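Only heavy atoms go into these numbers, but all of them, side chains included; no hydrogens, no water, no symmetry mates. Keep in mind that this is a model prediction, so the values were computed, not measured.
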Amino acid sequence: FIEKCGPKHYRWVHDKVQEASLLLTKKSMASFQLDVGSSLYYCLDEESLEEELFNVTDIINNGNVKKRPEFARLNLRAAEKARRISAIQSAANYAAKGLELLQDGNILTSRILTLQLYTIGAEMEHALGNIEKAEEYAEEILGRDEYTIMEKMPFKVVSIRKELLVDFKYDQTIERCLEMLKELDYKLMWSRRTAPLQTLVELKKAIRRVKNTKMFKETNYSLDNMTDQKHLLWMRLIGLFVYSAYQSRQPLLHVVGVCRNVQITLDHGIGTESGVNFAGLGLLVVAVQGDF
């Protein structure tokens, strides 16, 4: 029905074939789209498939799709690409379709694929403000025994973000963050009683460390990106802790969190929360020391 007419392009073999395709019934059209999409998926080389990823995935999804792991994986790939270009709604749609295509709806069919689809689905739904849907995804994974603590952590973060941004339970969010950080082998606070002393120590330490880094002394110096999942979760949880402390007017906890995320960045590289925490430290230096 189609033929190659260039390194990355295809066309109908004849105008009559194209006309016939337009006359297909809805049911046969769906089957036809699946055949075309499948042919493209299996025949295109990796570079061509990446370039036409959204088109191929959409054609397959519009067809009479069978539950096959390769098509679920294709939707995951499309969701990840959509997320990279900030097409949040499309990423959420691809993740949802990928979950539909997991064979028999069995979460054990492909453990890693399932986890990846639920992860990006929860993340995108949360970004869209669909908190209930994000919670639904999170609860699906949190209720399964086969996933490790580390694998469940991003979904626990979704639950915490709901408490913070929807229910406004700032004190509860602070406690949840401290508990989860402990599960991840990270102790943030010495104790609430010693918070004034810890605040002073953390602030002095963070300022000293920043001033002693090459980043402070050399204009063209840059840190590597943070890649370790545990370190990224530390930073993300501390970011939620900092926001909760600010909203609940607990400045000492706020300062401790900012200083710790700066130190985590210096130790392990740049993460999603690094920029705002360095800016926060800068404001603290100006406010406390009058150092511009």
Side-chain angles (χ1 to χ4, degrees), residues 7-9 37-38 40-62 65 68-102 110-131 133-138 140-141 147 150-158 160-161 165 222-237 239-240 261 264-265 268-279:
K8 297 179 182 179
H9 296 88
S38 299
L40 291 171
Y41 174 71
Y42 290 115
C43 295
L44 288 175
D45 58 53
E46 191 63 23
E47 183 181 348
S48 299
L49 179 59
E50 179 62 25
E51 184 174 323
E52 299 296 335
L53 183 60
F54 294 141
N55 289 330
V56 174
T57 307
D58 289 342
I59 292 171
I60 289 175
N61 289 347
N62 289 331
V65 185
R68 285 157 57 176
E70 63 265 37
F71 293 155
R73 197 169 290 107
L74 180 68
N75 274 274
L76 171 63
R77 183 172 169 180
E80 291 173 337
K81 184 174 182 178
R83 178 176 58 181
R84 287 197 299 272
I85 61 174
S86 300
I88 307 300
Q89 184 64 67
S90 294
N93 293 342
Y94 286 127
K97 189 65 178 180
L99 288 169
E100 285 181 26
L101 298 179
L102 290 173
S110 179
R111 183 176 176 280
I112 299 302
L113 175 59
T114 300
L115 182 67
Q116 290 173 323
L117 283 166
Y118 272 106
T119 300
I120 193 170
E123 181 185 336
M124 295 301 99
E125 294 294 352
H126 195 283
L128 291 167
N130 300 329
I131 305 300
K133 188 65 176 179
E135 278 274 285
E136 181 184 321
Y137 284 154
E140 185 67 41
I141 296 297
Y147 290 106
M150 276 297 296
E151 289 170 332
K152 288 183 177 181
M153 276 295 170
F155 298 95
K156 289 187 177 182
V157 171
V158 169
I160 287 181
R161 288 178 68 87
L165 302 175
S222 62
L223 295 169
D224 294 330
N225 289 325
M226 189 182 300
T227 56
D228 187 274
Q229 186 64 25
K230 181 182 281 191
H231 299 152
L232 288 166
L233 283 168
W234 286 355
M235 177 165 280
R236 197 171 176 187
L237 287 166
L240 294 173
N261 260 349
I264 289 172
T265 299
H268 304 293
I270 298 172
T272 54
E273 307 286 337
S274 296
V276 68
N277 284 285
F278 270 90

CG of L115 to OG of S110, rounded to nearest 0.5 Å, is 10.0 Å

4.5 Å side-chain heavy-atom contact, E50 and K81: yes

Distance-minimising heavy-atom pair for P154 and Q229: CG-NE2, 4.3 Å

Would you give the length of the straight line joining atom OG1 of T265 to atom CG of N225, rounded to the nearest 0.5 angstrom? 11.0 Å

State the CG-CG distance between L128 and N93, to the nearest 0.5 angstrom. 8.5 Å

Could you list all the ring-ring contact (aromatic ring centres under 6.0 Å, His included) pairs where at least one residue sits in residues 42-61, not counting sequence neighbours? F54-Y94

Check this for me, if you would: do E125 and R161 make a salt bridge, where the nitrogen-to-carboxylate-oxygen distance has to be below 4.0 angstrom? no

Can you tell me how far CZ of R83 sits from CD1 of I88, rounded to the nearest 0.5 angstrom? 9.0 Å

For S90, give me all partners under side-chain hydrogen bond (donor to acceptor under 3.5 Å, both in side chains), at least two apart in sequence or on another chain. none

Does any non-hydrogen side-chain atom of E140 lie less than 4.5 Å from one of L99? no

E70 with R73: basic N within carboxylate O range, under 4.0 Å: no

Between P69 and L113, what is the shortest heavy-atom contact and its length? O-CD2, 3.9 Å

What pair of heavy atoms forms the shortest contact from I120 to A95, and how long is it? CG2-CB, 3.7 Å

Going through the checks in order, is the side-chain contact (heavy atoms from CB on, under 4.5 Å) test met by Y137 and T119? CA-CA 8 Å; Y137 284 154; T119 300; over 6 Å; no

Do NZ/NE/NH1/NH2 and the carboxylate oxygens of R236 and E123 come within less than 4.0 Å? no

What I want to find out is whether E100 reaches K97 closely enough, with some N-O distance under 4.0 Å, to be called a salt bridge. yes

The single option from I59, T57, V56 that satisfies side chain to side chain contact (heavy atoms under 4.5 Å, CB included) with Y41 is V56

For R111, is there any backbone N or O sitting under 3.5 Å from a side-chain donor or acceptor partner on Y147? yes

How close do S274 and G269 get, counting heavy atoms only, and between which atoms? OG-O, 4.2 Å

For M235 against G271, the heavy-atom pair lying closest together: SD-CA, 3.7 Å

Given side chains that start at C-beta, do those of L237 and I160 come closer than 4.5 Å, heavy atoms only? yes

Rounded to the nearest 0.5 angstrom, the CZ-CG distance for F71 and L101 is 8.5 Å

Check against side-chain contact (heavy atoms from CB on, under 4.5 Å), R68 and I60: CA-CA 11 Å; R68 285 157 57 176; I60 289 175; over 6 Å; no

If every non-hydrogen atom of A134 is compared with every non-hydrogen atom of A122, which pair is closest and at what distance? CB-O, 3.6 Å

Would you compute the distance between atom CD of E46 and atom CG of L53 and round it to the nearest 0.5 angstrom? 9.5 Å

side-chain contact (heavy atoms from CB on, under 4.5 Å) between I141 and E151: does it pass, once the steps are laid out? CA-CA 9 Å; I141 296 297; E151 289 170 332; over 6 Å; no

Apply salt bridge (Lys or Arg N to Asp or Glu O under 4.0 Å) to residues E80 and R77 and explain how you reach the verdict. CA-CA 5 Å; E80 291 173 337; R77 183 172 169 180; over 6 Å; no

